[in-house]
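Written below as structure tokens is the structure these notes are about.
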Amino acid sequence: MIAHIDHGKTTLSDRLLEFTGTVAKRDMVEQVLDSLDLERERGITIKAQAVRMLYQASDGETYQINLIDTPGHVDFSYEVSRALAACDGAILVVDASQGVEAQTIANAHQAQEHHLAIIPVINKIDLQQANPELVREEIERVIGVPGSSAILASARQGIGTREILEAVVRDVPPPTGDPEGPLQALVFDAKFDPYRGVVVYVRVIQGTLRAGMRILMMQTEKTFEVDEVGIFRPEREPIDELSAGEVGYIIANIRNVRDSRVGDTVTDAARPAAAPLPGYKHVTPMVFAGLFPIDSEQYPALKEALERLQLNDAALVYEPETSAALGFGFRCGFLGLLHMDIVQERLEREFNLSLLTTAPTVEYRVRLRTGEELAVDNPDHLPNPSSIEAISEPMVLATIVTPSTYVGNMMELSQERRGQFLNMEYQPGDRVLITYRIPLGEIIHDYYDQLKSRSKGYASLDYELVGFEEGELVKLDVLVAGSPVDALSMIVHRDKAQQQGRRLAEKLKALIPRQLFEVPIQAAIGGKVVARETVPAMRKDVLAKCYGGDVTRKRKLLEKQKEGKKRMKRVGNVEIPQEAFMAVLSLDK
Amino acid sequence: MERIHSLYVHIPFCTWVCKYCDFTAYPVLQGMIPPYVDALAAEIAQVPQRYPIGPLRTVFIGGGTPSLLTPEQLARLLETIRQRIGIATAAEITIEANPSNITSAYAAAWRKAGVTRLSIGVQSLLPAALRFLERLHSGGEALQAIRVARQAGFDNIGCDLLYGIPGVSTAEWLESLDGVLAEQPAHVSAYELTVEQGTRLAQEVRSGAVVMPDNEEQLGQYWAADRRLADEGFVHYEISNWSRPGFESRHNLTYWEYRPYLGCGVGAHSLLRHADSRSERFWNVKGVKAYIDAVKEGTNPVADGETLSAARAAGEAAMVGVRLLQGTRAVDPFPVERDHLVAAGLLAPAGEGVCLTTRGVELANQVGAAFLR
């Protein structure tokens with residue numbers, strides 16, 4: 001099941017589970033398939049989630065349908081692509097009032113690339129602003145799927161549920177793999193269970209998987225004995241075997257998380273398949289940031305947490321990093337800012353860590369005068385300017401879908417962000433599809449928030465990396481109390497450097513609390529100070545009265561203040577709060 | 001457990017609860033005082049069975065407005081304390097009094113009952129300031145009250161003053177201070193007017209109806225007063241307290257020197273010091289009625305409390321100890337923090353211990369926090 005974010009995939013999944021009796025009505029909670037607390041709290045899906053349903057169709061037969069619910073946010077398109085590789089068909093959900101949006105197009109294209117049968121569903125038809133006929137036209141014109149075939153549904157009111165299941169039975173081809181053939185199972189996800197080791201999520205393409213079997217991971221070349229195979233309903237449920245066409249899990253006492261890679265092929269060690277399955281396109285992280293434990297003693301715990309999380313989040317990459325200001329940590333690559341935010345929150349919650357994230361940056365390609373090429377994903381690692389011949393930055397092809405009223409705003413925004421206009425197409429229903437070539441570094445600096453706020457929330461965005469381009473880029477350094485803070489450095493376009501330096505200094509001044517002494521903040525380019533602000537020293541912090549009845553209250557007050565300080569990072573003599581390291585994110589108006 | 005030699009007695013009633021006050025105080029309700037005094041006497045009588053206490057070296061009757069008690073009620077309380085707990089010879093017995101209540105008859109009766117020290121809530125001599133503070137007396141009445149007390153035989157008189165009052169200049173503040181100093185008090189407490197949460201003043205500040213003076217102005221008035229008091233021969237012995245030599249409030253020193261004390265009455269706090277250096281603090285219930293009922297039933301009117309480990313108790317002792325500006329040894333268990341604070345210019349060596357520097361006084365919370373975990 002695929003869709004643009006908030007078009008109602010997860011609620012529709014809930015209805016399918018309910019209708020097929022997979023989850024009893026009394027056990028039904030909202031967002032059944034969102035198992036992370038974070039997903040329920042934010043009302044979004046982060047992880048694709050698999051479940052098996054049994055459906056008795058109108059032809060009297062009972063069919064086994066394996067459903068994977070996917071995330072809709074652009075950052076998680078990789079999750080979608082992995083899920084699609086394990087599927088035979090896709091239900092494409094489109095909101096009846098919002099129509100086709102940027103991720104609707106992107107996800108539909110992915111499904112088409114995998115040659116999947118697409119079942120379009122127009123959801124939320126009960127809404128007053130619903131315009132299903134217009135959406136039919138959009139689906140036909142923009143996606144290239146016959147609009148007349150779209151099923152009208154309302155997940156909230158349970159309309160269209162049966163029709164969707166019937167369409168799946170009718171339109172999605174049954175699996176073709178031979179259950180007796182040599183085993184080929186695609187690993188599409190994994191999770192670490194502290195008691196049982198790695199739980200491997202598989203789609204069996206050919207052959208049969210049974211407990212007791214010896215399996216071979218074709219990429220890592222490790223073998224394991226299968227303890228248990230099972231299916232998701234939606235909780236894990238052991239069964240005797242998983243055969244061609246089925247989706248489920250394997251537990252095989254895999255203790256080392258690196259031994260099971262997403263995209264690998266599981267085969268029978270005794271009778272291996274001739275070749276592995278195609279697997280996945282290697283995922284490229286888009287943004288990079290440092291993750292540091294606030295308490296340096298948590299470094300080993302952070303290392304272990306990253307290993308475990310990576311198993312469940314194949315898009316996360318990391319390597320050790322040392323910062324003069326922040327100590328030992330990891331440089332991590334993410335798919336986008338939401339992904340970064342989610343990773344930090346999952347690490348903090350699921351592993352009980354307290355972390356500081358530095359401002360995200362993109363990866364630059366630096367050509368040195370010696371002819372050598374370097375990839376730089378940390379502004380502080382930019383070589384001395386005199387040795388640099390040229391710096392290239394990653395560019396994306398951004399697709400914006402907006403009502404025509406906001407075209408001017410969208411173009412203005414993209415122009416401000418050094419975008420090159422490529423194309424504009426009018427779509428049915430007063431919608432415009434605009435494409436720009438924009439530096440990724442500009443996108444990650446609150447471009448998305450601006451896009452939303454300048455279109456009153458109506459515009460949507462999708463982007464993909466299209467290559468690197470040389471630019472006039474310079475490094476902006478920040479000095480706090482006279483010492484450079486490596487974690488605050490950023491790479492910016494020369495034309496914007498001075499203005500950004502000024503704004504950064506102003507923001508830091510507002511974010512760094514008063515200390516016992518005056519704290520000068522300077523922004524510098526190549527050693528030349530371009531902006532200066534000063535955080536004045538704390539003037540007064542004293543309570544007039546402290547008698548017998550005041551002591552407890554006063555101690556608690558001071559303890560609370562101190563607790564707040566512990567959330568800050570001490571750089572030299574200065575306590576810098578978390579938010580300061582993210583200040584560079586919103587320097588553009 | 002360390003024996004207790006200091007007793008605090010709380011009288012929670014006021015004719016009018018001033019808008020800046022967040023103490024446990026209630027507008028006086030007809031008929032409430034007699035049963036409250038009965039309950040207090042009963043609690044005091046029970047105290048020696050509960051804790052090792054007495055003979056008392058200090059007794060402090062605070063409020064609220066203790067001078068609202070009739071001389072008979074006050075005498076009865078002191079008599080109960082003397083008989084049940086015991087009061088040492090040459091003990092310091094203080095009562096807080098409102099200028100309006102200080103008549104020759106009352107003052108004489110207090111002397112007779114054994115009160116040795118008066119703490120008078122003068123606050124200001126300026127009519128505008130007194131109006132702002134909602135005080136019901138005039139400046140002239142306050143000065144007259146000091147004279148009346150002296151005539152009755154009190155030589156240990158302390159005056160409480162407030163500075164940093166909106167609309168009052170430094171010059172006007174010093175005029176009030178000078179007016180009070182002309183009456184030769186033995187002790188002056190000068191408190192910055194503080195906006196406490198939940199008070200009407202806090203509401204007025206939030207709504208913008210009142211604008212408090214800025215830090216610079218407040219500190220200007222504070223240090224100006226300190227200079228004037230020093231010129232008059234007063235010793236600055238605690239952040240907000242000055243006295244003529246030998247006239248420090250001995251009761252309040254108990255708090256800052258972190259010695260044990262017992263509090264009786266509504267909302268009163270107590271501190272016990274265990275032999276293993278743990279501290280135990282507890283406080284009485286807050287409602288007058290709840291307090292009276294608890295005592296009547298013979299139960300301990302304690303609402304809640306906390307026990308601090310030896311390490312945390314030492315931190316708390318240092319936090320309050322640094323308020324003593326003539327030097328303290330309470331920081332001794334924290335050599336690392338001490339050196340750090342000395343280097344930062346907030347503490348300076350004083351005798352065998354340390355004391356706050358000028359800057360340290362201005363940032364005393366930052367210093368105090370250093371000793372907490």
Side-chain angles (χ1 to χ4, degrees), chain A residues 293-298 352 354 480-483 509-520 533-578, chain B residues 6 8 10 23-24 60 62 162-164 189-194 214-216 218-219 222 238-240 251-252 254-256 258 261-263 267-271 281 283 305-306 308 312 315-316 319-320 323 341 344-346 356 359-373:
Chain A
I294 294 209
D295 173 358
S296 54
E297 284 180 11
Q298 285 192 336
N352 206 14
S354 185
V480 174
S483 317
K509 181 190 174 182
L511 289 168
I512 296 176
R514 291 188 175 205
Q515 321 264 322
L516 293 178
F517 40 86
E518 196 177 271
V519 179
E533 295 283 342
T534 304
V535 182
M538 189 186 292
R539 188 64 188 98
K540 179 169 84 82
D541 184 17
V542 53
L543 292 179
K545 293 189 182 186
C546 186
Y547 295 99
D550 306 317
V551 180
T552 296
R553 195 170 52 153
K554 172 169 169 161
R555 192 194 70 241
K556 286 184 175 162
L557 179 84
L558 297 188
E559 280 172 348
K560 212 171 134 192
Q561 282 175 8
K562 214 166 172 181
E563 198 53 41
K565 269 194 180 176
K566 284 189 192 150
R567 292 287 304 166
M568 296 192 208
K569 196 79 194 179
R570 204 178 170 87
V571 178
N573 261 336
V574 185
E575 313 267 0
I576 304 183
Q578 286 245 68
Chain B
S6 291
Y8 176 81
H10 192 69
F23 275 40
T24 306
F60 195 105
L162 284 169
Y163 66 90
S189 303
Y191 301 114
E192 178 183 299
L193 178 62
T194 308
D214 63 20
N215 288 338
E216 226 41 71
Q218 289 166 333
L219 288 173
Y222 175 75
E238 196 265 353
I239 289 175
S240 301
H251 182 82
N252 290 337
T254 309
Y255 303 139
W256 301 316
Y258 210 62
Y261 54 88
L262 199 83
H269 285 229
S270 302
L271 176 76
R281 187 178 283 102
W283 44 91
E306 56 179 4
L308 275 68
R312 291 189 78 195
E316 203 178 68
M319 175 188 86
V320 293
R323 294 184 68 96
L341 291 162
L346 301 180
L356 293 172
R359 181 99 171 107
V361 168
E362 295 173 344
L363 298 172
N365 286 348
Q366 295 286 318
V367 176
F371 312 115
L372 304 177
R373 42 154 223 204

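Sequence lines set the chain letters: A, B, ... in the order given, protein chains first and strands last, and positions in each chain run from 1.
Note that CD of Gln561(A) is 10.0 Å distant from CG of Leu372(B), once rounded to the nearest 0.5 Å. To the nearest 0.5 angstrom, Glu306(B) atom CD is 4.0 Å from Thr552(A) atom OG1. Rounded to the nearest 0.5 angstrom, His269(B) NE2 and Asp550(A) CG are separated by 8.0 Å. For the atom pair CG (Leu543(A)) and CZ (Arg323(B)), the distance works out to 6.5 Å, reported to the nearest 0.5 Å. Here the straight-line distance linking atom NZ of Lys562(A) with atom CG of Asn365(B) works out to 12.5 Å at 0.5 Å rounding. Atom CE of Met319(B) and atom NZ of Lys554(A) lie 5.5 Å apart (nearest 0.5 Å).
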Taking it one step at a time, do Glu192(B) and Lys540(A) satisfy salt bridge (charged side-chain N to carboxylate O under 4.0 Å, His left out)? CA-CA 12 Å; Glu192(B) 178 183 299; Lys540(A) 179 169 84 82; 2.7 Å; yes
Run the numbers on Arg281(B) and Arg555(A) for side-chain contact (heavy atoms from CB on, under 4.5 Å), then give the verdict. CA-CA 12 Å; Arg281(B) 187 178 283 102; Arg555(A) 192 194 70 241; 4.0 Å; yes
Evaluate salt bridge (charged side-chain N to carboxylate O under 4.0 Å, His left out) for Lys545(A) paired with Glu238(B), printing each intermediate quantity in order. CA-CA 10 Å; Lys545(A) 293 189 182 186; Glu238(B) 196 265 353; over 6 Å; no
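When the candidates Thr254(B), Val320(B), Leu308(B), Thr194(B) are compared by the number of heavy-atom contacts under 4.5 Å with chain A, Leu308(B) comes out ahead. Ranking Arg359(B), Arg373(B), His251(B) against chain A, the residue ahead of the rest is Arg359(B), based on heavy-atom pairs under 4.5 Å.
For the residue pair Val542(A) and Ala364(B), the shortest heavy atom distance occurs at CG2-CB, 3.8 Å. Heavy-atom minimum distance, Ser240(B) versus Ala544(A): OG-O, 2.7 Å.
Using a 4.5 Å cut-off on side-chain heavy atoms (C-beta onward), Glu362(B) and Asp541(A) make no contact. Between Leu363(B) and Leu516(A) the shortest side-chain heavy-atom distance falls below 4.5 Å.
At a 4.5 Å heavy-atom cutoff, the contact between Ile239(B) and chain A is made by side-chain atoms alone. Looking at Leu193(B), there are no atoms closer than 4.5 Å to chain A (heavy atoms on both sides), in backbone or side chain. Neither the backbone nor the side chain of Val367(B) comes within contact range of chain A; no heavy atoms are under 4.5 Å apart. Contacts of Lys560(A) with chain B are absent, with no heavy-atom separation under 4.5 Å from either backbone or side chain. Neither the backbone nor the side chain of Ala268(B) comes within contact range of chain A; no heavy atom of the residue lies under 4.5 Å from a heavy atom of that chain. If you measure heavy-atom distances from Tyr261(B) to chain A, the contacts under 4.5 Å come from the side chain alone.
Using cut-offs of 30° and 60° for the angle between ring planes, the Tyr255(B) and Tyr547(A) rings count as perpendicular.
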